[in-house]
Amino acid sequence: MRRGMRQLARMAQRSPGRAGPLARVADRMPSGQGPRWLRAVLFIAAVMYPLVFGTGGITQLLEQIFTFGALAMSYDLLLGYTGILSFGHAMFFGTGAYAVAIGLNQGDGRLEGLLVGLAAGIAGSLVLSGIVAFLSLRVREAYFAMITLAVGQVLGVLAGSQALRAVTNAGDGLTVPVPDLLSGNLTLYDMCLALLALTAWALGRLVHSPVGDVLAAIRENAARAKSLGHPVVRFQTFVFAVSGVIATLAGAAFALAQSFVNTTVYDVAGVSLNVLLMVVIGGAGTLYGGLLGAALLLTAQTWFASVAGGAPWLREYMLAFGILYIVVVRFMPKGILGAFLHRRGHGRWRKSSDCKTSQI
Amino acid sequence: MSVALTLLLNGLANSALYFLMASGLTLIFGLLRVVNFAHGGFFVWGAYTGTFLASALHNLAASIAGGAAVGVLLGWLVERGLMRRLYGDATQQLLITMGVLMVLSELVRLIFGPNPISAPAPTSLGRSWVVNGVPLVAYEGFVILFGAAVFAILQGVLRGTRLGALIRAGVSNPELLAARGIPVRRVFTAVFAIGAGLAALAGGLSGPWFGAVTPDMGMDMQLTAFVIVVLGGLGSVGGSLLGSLVVGITTAIVSYFAPSLAVLAGVVVMALVLVVRPHGLMGQREVA
Amino acid sequence: MNRVALEVDRAVVGYGPVPVVDGVSIRLDEGEFLSLIGPNGAGKTTLMNALSGALALRSGRVWYFGQDISNWSEDARARAGLGRSFQKTHLFPRLTVLENVRIAVLAKRRVRFRALWSPQDPAVDREAHASLAAAGLTEHADRPAADLPHGGKRRLELAMLFALEPRVLLLDEPTAGMGAEEADGLMRVIDGWRRDRGCSVMLVEHRLDLVMRLSDRVAVLHQGRLLTLGSPEAVMADPEVEAAYLGGRVERA
Amino acid sequence: MPEALEMRDVVANIGEYRILDGVRLAVPEGSVTVMLGRNGAGKTTTLRTIMGFVPCLNGTVRLFGDSLAGLPPHRIARLGVGYVPEDANVFPNLTVAENLRLALPRAHGRAQAEEAVEQVLGLFPDLRQAYRRWAGHLSGGQRQMLAIASVLVSQPRVMLIDEPSKGLSPRFVDLLGEVIAQLRGRTTVLLVEQNLRLAAVAGERFTLLDEGRTVMEGPMEELLENTALQQRYLGVRVRERGN
């Protein structure tokens, strides 16, 4: 799996000359230049699509795929690259969405409102990630999962609470007045695509930098990384913050693209678990797996919704996803891209350093 | 004064429900080393089964027992079918239990619909009195007594029975337990099923307590239970009692003065405790 | 004459009525090779853990080149130059051998987040290769660490330690599970490297022949207490050591 | 007549490490056999393989002629194999009494259980005094006694004892030697021990392990007389002292 991961990390790097020493293992992979070529074609196709076919249902779906793809890739940085499990990624996504929505509402749809909102959202997310990391990373892995879940849920309840109706419009949600500069479907479409491209570039660079090597060390054997002198908690906090900021941007883009925000952006099942599902299905630790998962799930979701008229139970796609999710975790822990890329079988989640030998 | 007493009783009833949830969670963690994210799913199934049976049978004992039985059955199935193969792989277990929560909640939504279903208290416990300005609600008293009884029974079982000794032994060293000829896997299954049953019991009791059941109540209760076990210290039954009391009473007080902030109260208390004691009030540092 | 590299003063480690390490004081001079011996369960590994910061002291202090590091975290001590190896190999099994060493080089160079803006430094790779060469692993550089034979894993542990360029090496049974000749070779690598760099070594080891040959001084731990500390000859001649540690009639040579 | 315990060409891995690579072992009924070898030779893994904690990849493990292959540890224990691990061999959060009773089959009636416990307490008077205390509060020596006692109480046909002398003072090591000597005839013992002195006192036969294989076995005297062998495989030499 390591090889494929590096392969993808290298793909994400524009200049091949910059491929560092860790990429050497990947260099021997047979698949070579194919994926990079594919990536360029997909990018150009994504840019061209609305120019050729115009905007409509499909571009709306694509906008969602781009924003959720960026969100899923930021989540993969946590789960796949650093090996920490969060059930509350919605706390950042929702904060970004609400910050932009509130900023634009208070600023009467002017660009300044957007910028102030965005800045406030990013600052809020940084503070949030710092607090959550401080509370939970010192203890044990499970605490991080529990506390992220709790904090995410609390924010959702706050956003819907009557006490904050003046700014959040409580449970009714906010309509987002899109600034003139961004109005027009194509601009928003391009913005979402730009966010995705930027995320892919930044994350590719991050996981391939020396910091990325340290993250891999933490994922493989955190105790050893610490005993070698790496400040593990500091790195985990940093990754959590980076991932949070990207998720905040994704939330902001989502709010603009939908021009409406309500408490569902903080939803555990709808966002936190959905994005987890995307990464797990696509393949954790592959960077682009999350994007693949987002594309599959969102397409399926749209399809379910469109055929649900005749069969209302199809609206319950969350149930189907839940079952799918259990099946994937249980039987296909590498995910689609992971299984495709990695022929050599090392368990993904297993920390093979401390092999369990007991047969009880 | 009467307000304080009212809030105290209210808080104690909350605490009793929370304790049922948190003690199961903490027992499962202590023995299996798994944080069971599916716990809220067992809770919601207990609540719906209880409500359904209550409307069909009009018998409180039968409906609560039926809810608990469903919880035990679900717990048994989940442990046997999914958890068993994943011991020693913490991340994958967390992911699986989360998936189970999703499926159990969605199944409830599918079968019973997304809207709240009212769950009245049985007529025998629907009465209330006012004593010196303090309203005493029969069902509230029932919940408090029930919680206290479960705590006493749990302590009794853990301290005084062979099963209790096995559970305590398994918490400290499951491998040695196997070496003494005990089928540890079966103890694991039993504890997981008991924990699930306790959660479902909490569900069955909380229908009439909240007046209605909704598919989302599992997730909400689950979060409160997490706050409690983190607060009290994961793996300690005493800690979950203490945590339940703190969170239950705090929630009652805060929801009286500022209802919309009630959900914040528990999390803020938890955060404050974690700053001072990262391993919770009664939790112990993991021995390396 | 020599500076004191590491000093532990009346260390007590472990809870409960019987501490695992109970009031041990040892001084390690700069450039010195000191071995820690004692029967199984004497508290040697626990003492190592307390020195490296993996375990907290219940009481007592640890000094490192005159600085009180008793409250420093494990990673801070490692960054200051206190390198530690483990009784059971403790690697990044899915990364390649070279990558394992690179992680150590990066630890020494203190990766900061600005590394995100600067491309990979080829010097990191060079240093990693140098450490691999010192441990005799060059030809295995591109294998996953998990695929190495046992002796190779031991050498990789060493290469990672060397890459940290520590001023003090804490070695916990580096030859565990090795054959006699292999162990001998490994110790020779360690000793050569030590002489080269002038760093200090504290070694826990069961093979007394190696201990006696290499050590400047030997400390005997028994039931959490320091029994004797002296030259190898003095320790071997000490009847108390034989009685308590070696058990009367039978003796390890 | 089959041996109480017999291993042939046993191969076992822990994680990616091959730890056992050809262990051969024959423990006659009623004997005390000592397994020796330096650190990392595979002694503990051999015991854990017998117990079923480590899967046996190749070769056979037989108890009185019956194969133990593929059985889970608790089944092996119920077949009469008692295991005293090196560390963590009592339940510290249980009392001494609870530790002793835990291993008794449920089929035992109360009276029968009392009798079994009583019998074992006769061997370990120290434990009788500490009967109601938490096992975690015992001293190292008492804890080792409790570990042996709580296995003995279920009257195993074969006992596997892993380095009981670890961390004990010489006085307790002597006591331990007496206890193990008393086991002779009552049950069959496979003892892992680095302390050659205890081995010499307690054992009748020895098995020598090196790098995961059996290099030699035979009567204890053979090993005690052969200093070259000790030197080679144990790094140990026997020397007469004081005369």
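Residue numbers begin at 1 in each chain, while the letters A, B, ... track the order of the sequences. On a predicted model such as this, the values are computed, not experimentally measured, just so you know.
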| task | Would you please test Asp213(A) and Glu99(C) for side-chain contact (heavy atoms from CB on, under 4.5 Å) and show each step? | result | CA-CA 8 Å; Asp213(A) 296 346; Glu99(C) 285 166 347; over 6 Å; no
| task | Working to the nearest 0.5 Å, report the span between CG of Leu95(C) and CZ of Arg219(A). | result |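 These two atoms lie 7.0 Å from each other.
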| field | Residues of residues 67-80 of chain C near chain A, each having a heavy atom less than 4.5 Å away | value |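 Counting heavy atoms that sit under 4.5 Å from chain A, the residues of residues 67-80 of chain C involved are Ser73(C), Glu74(C), Asp75(C), Ala78(C), Arg79(C).
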| request: State whether the number of non-hydrogen atoms from other residues, nucleotides or ligands found under 6.0 Å of Arg234(A) atom CZ is greater than 12. | output: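 No, not enclosed.
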| query | Should we count CZ of Arg143(C) as having more than 12 external heavy atoms under 6.0 Å? | reply | yes
| query | Should Leu164(C) and Leu228(A) be marked as a side-chain contact (heavy atoms from CB on, under 4.5 Å) after you check the CA-CA gap, both sets of side-chain angles, and the distance that decides it? | reply | CA-CA 8 Å; Leu164(C) 287 176; Leu228(A) 281 174; 3.7 Å; yes
| Would a distance-only check, ignoring hydrogens and angles, find a side-chain to backbone donor-acceptor pair under 3.5 Å from His230(A) to Ile103(C)? | yes
| message | Which atoms of Ala202(A) are under 4.5 Å from chain C, going by heavy atoms: the side chain, the backbone, both sets, or neither? | response | neither
| task | Could you check Phe86(C) against Arg224(A) for side-chain contact (heavy atoms from CB on, under 4.5 Å), going step by step and ending with a plain yes or no? | result | CA-CA 10 Å; Phe86(C) 294 85; Arg224(A) 184 57 174 152; 3.1 Å; yes
